[in-house]
Amino acid sequence: MRAVMVANPKGGAGKTTLATNLAGYFANEGKNVTLCDLDRQQSSLRWLAFRDPELPSITGYFNGNQMLINLPQEPDWVVLDAPAGFQGYKLNDYLRAVDRVLIPIVPSIFDMAATEDFLNTLRQDLSGRMAKIGIVAMRIDPRTRAANMLEEFLRHFDIPIVAYLRNTQNYVNVAAGGQTIFDPPRARNKRDIEQWQNLHKWILKK
Ligand SMILES: Nc1ncnc2c1ncn2[C@@H]1O[C@H](COP(=O)(O)OP(=O)(O)OP(=O)(O)O)[C@@H](O)[C@H]1O
Ligand SMILES: [Mg+2]
């Protein structure tokens, strides 16, 4: 079993969007995947309830009691969707239990400021193991000033940007039906699927 946690204490950064789509990617690759919802709002599990049983299956798992790290060991992959405000010792324990941490950031000064403390904490807690953390620039066009601002901001932290995902209703539309951009029919999401390629490679790297 390998585990990927999607986390950022800033609300609305795109954690659930990333976590559900990543789970959908693994499912469409024929992997046995569990989506572990750490959020009391249970957005991921609500989404899963809408998923057509004919689609590649994703197992849901709720761990709103985040005090106990209790990851299922049977699946090939566990994807964890952390809640807004997730930090402190609970976060620390989870950081040690997972193989990768994905941090979605929207490139606005408000979001970057709110994420800065979190990145500093990660730097202290994971010193020497920063390789396991990757940023996902959310709702962004890589050629814009916003992208430059984000790259400049991240230079202090030495954390790689593993994907730039554009702002598109495709994510909103698929989510409404319990789907992901990786579920068939894929043609209409082709541009977005391409934007995930580097992220997949980074996750799969041993
Ligand atoms: N790339 C994108 N393009 C367009 N809309 C997006 C994109 N990514 C996320 N969104 C939308 O932004 C909103 C917030 O995303 P999401 O719920 O994934 O954030 P979150 O970090 O899980 O929020 P919370 O902190 O409340 O758990 C949602 O309405 C989602 O559909
Ligand atoms: Mg969420």
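Below, all heavy atoms of this structure are taken into account, side chains as well, without hydrogens, waters or symmetry copies. These figures come from a predicted structure and were not determined experimentally. Ligands are counted one by one from 1 in listed order, and the atoms in each one are counted from 1 as well.
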Taking 2.8 Å as the strict upper bound, the Mg ion (ligand 2) has protein N, O or S neighbours numbering 1
For atom 30 (C) of ligand 1, is some protein heavy-atom partner under 4.0 Å away?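 For atom 30 (C) of ligand 1 the answer is yes, since some protein heavy atom falls inside 4.0 Å.
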Would you say Phe50 has more than 12 foreign heavy atoms packed within less than 6.0 Å of its CZ?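 Incorrect, the count does not exceed 12.
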What part of Met138, side chain from CB on, backbone N/CA/C/O, both or neither, has a heavy atom under 4.0 Å from ligand 1? side chain
Heavy-atom pairs closer than 4.0 Å: do any link ligand 1 to the side chain of Asp39, the backbone, both, or neither?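 It is the side chain that gets close, since no backbone atom is under 4.0 Å.
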Side chain [X], main chain [Y], donor-acceptor under 3.5 Å:
{"X": "Asp76", "Y": "Asn32", "result": "yes"}
{"X": "Arg51", "Y": "Pro56", "result": "yes"}
{"X": "Arg186", "Y": "Phe182", "result": "yes"}
{"X": "Glu74", "Y": "Pro72", "result": "no"}

Note: ligand 1 atoms sitting under 4.0 Å from heavy atoms of Asn167 are 3 (N), 4 (C), 5 (N)
For ligand 1, which atoms, with element, lie under 4.0 Å from some heavy atom of Gly11?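 Answer for ligand 1: 25 (O).
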Glu194 vs Arg191, test: salt bridge (Lys or Arg N to Asp or Glu O under 4.0 Å). Steps then yes/no. CA-CA 5 Å; Glu194 279 165 9; Arg191 230 180 113 191; over 6 Å; no
For Tyr61, all residues meeting side chain to side chain donor-acceptor pair (under 3.5 Å), sequence neighbours excluded: none
In terms of its nearest heavy atom to atom 20 (P) of ligand 1, the top option of Lys10, Gln169, Lys15, Gln195 is Lys15
